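Presented below is the structure to which this report refers.
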Amino acid sequence: MTQLLDARTPQTAANPAGGRASRRKAQSSRKRPLAARYLGYVGYFVGAGLISGAVVHHPLDPDRYTRIAAYGALVFLAATVLNEFLLARERPGLARMLIVVGSSLLLSFGIGMLSGGLQHFDDFPARGAVLVPAGIVVSFIAYVIKDADTPTRRIFSLLGLTVMAVAALAFFGLREVAASMEATPDGGHSHGTAEEPATDDHTPATSPSAAATPALGTSAQPKPASTIAPHNDGHAGH
């Protein structure tokens, strides 16, 4: 009897429920094409990059950069749908799908504010001092909501309070740096807002060559004095 149990033990251990699940997991991972995984991965970065540039440069041309931000959000959401739903091993329900889409959109703008504010801080110091801490807070909250394995109450946990403190320190610190940069004449770069070079007020209205040039159709030589005919009063012969 003992020998029979010992003989069946390796066979039972060879086919556990976990083994079947792992094989299904491996088979499903092999079904995910490389092109789709690549597009889903790149879509996150392209979408966030478009949003970051649009958020920072928005005051320069609101209409143009609003469109760019919308395009970036669409790219990021398309990557989210591809990664979270089409390539996922388990399809979430409708409620979870809406939460993932909404939090992904919020996450894209949080990452865009953070990366754009850091990248263009020298160009827009005052705006970057607001975008960087706001991006930290928004991206953290959006990630916690998006992550199915993390309860939303973790936003107010010790980690969440630490993120808030870091964002507050970043705001006050970057605001001081921005104020010092704006006080410096050479601080920051310009994006199409450079002033035109000052005109020379001492330049004469007309150049000497233009003033000396005679008008068209006139001769440069002075006209000879007109000859006045002598008056004949009849006494010439006397």
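Predicted model only: the values in this text are computed from it and were never measured.
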Q) Around atom OH of Tyr71, are there more than 12 heavy atoms of other residues, nucleotides or ligands at under 6.0 Å? A) no

Q. Can you tell me if CZ on Arg96 sees more than 12 non-hydrogen neighbours from other groups inside 6.0 Å?
A. yes

With a 4.5 Å limit on heavy-atom distance, are the side chains of [X] and [Y] in contact?
| X | Y | result |
| --- | --- | --- |
| Leu131 | Leu114 | no |
| Met113 | Val138 | yes |
| Tyr65 | Val55 | no |
| Arg127 | Phe121 | no |

Q) Which class fits the ring pair Tyr44 and Phe76: parallel under 30°, tilted 30 to 60°, perpendicular over 60°? A) tilted

hydrophobic_cluster_shared for [Y] and [X], side chain cutoff 4.5 Å:
| X | Y | result |
| --- | --- | --- |
| Ile99 | Ile141 | yes |
| Val56 | Ile111 | no |
| Tyr143 | Leu159 | no |
| Val42 | Val81 | yes |
| Ile51 | Tyr41 | no |

Q | Evaluation steps, side-chain contact (heavy atoms from CB on, under 4.5 Å), between Phe124 and Leu60 | A | CA-CA 11 Å; Phe124 308 95; Leu60 299 180; 3.9 Å; yes

Side chain of [X], backbone of [Y]: donor and acceptor closer than 3.5 Å?
| X | Y | answer |
| --- | --- | --- |
| Ser108 | Leu105 | yes |
| His58 | Ala54 | no |
| Arg175 | Ala126 | no |
| Arg37 | Leu87 | no |

Q.
Between Lys146 and Ser104, is the side-chain contact (heavy atoms from CB on, under 4.5 Å) condition met? List the steps.
A. CA-CA 7 Å; Lys146 182 177 180 295; Ser104 297; 3.2 Å; yes

For the [atom1] atom of [X] and the [atom2] atom of [Y], what is their distance to the nearest 0.5 Å?
| X | Y | atom1 | atom2 | value |
| --- | --- | --- | --- | --- |
| Ile155 | Arg153 | CD1 | CZ | 11.5 Å |
| Ile136 | Phe140 | CD1 | CZ | 11.5 Å |
| Leu107 | Asp147 | CG | CG | 11.0 Å |

Ignoring hydrogens and angles, write down the donor-acceptor pairs under 3.5 Å from the side chains of residues 164-174, residues two or more places apart or on other chains.
none

Q: Quick one: closest heavy-atom pair of Pro133 and Gly128, and the distance?
A: CD-O, 4.3 Å

(Q) Using side-chain contact (heavy atoms from CB on, under 4.5 Å), reason through Met97 and Glu84 one step at a time and then give a plain yes or no. (A) CA-CA 9 Å; Met97 183 183 301; Glu84 300 291 337; over 6 Å; no

Q: Quick one: list whatever passes ring pair (Phe, Tyr, Trp, His ring centres under 6.0 Å) with Phe156, sequence neighbours left out.
A: none

Q: Evaluate the criterion side-chain contact (heavy atoms from CB on, under 4.5 Å) for residue pair Asp122 and Met181; output intermediate values, then yes/no.
A: CA-CA 8 Å; Asp122 289 342; Met181 292 177 63; 3.6 Å; yes

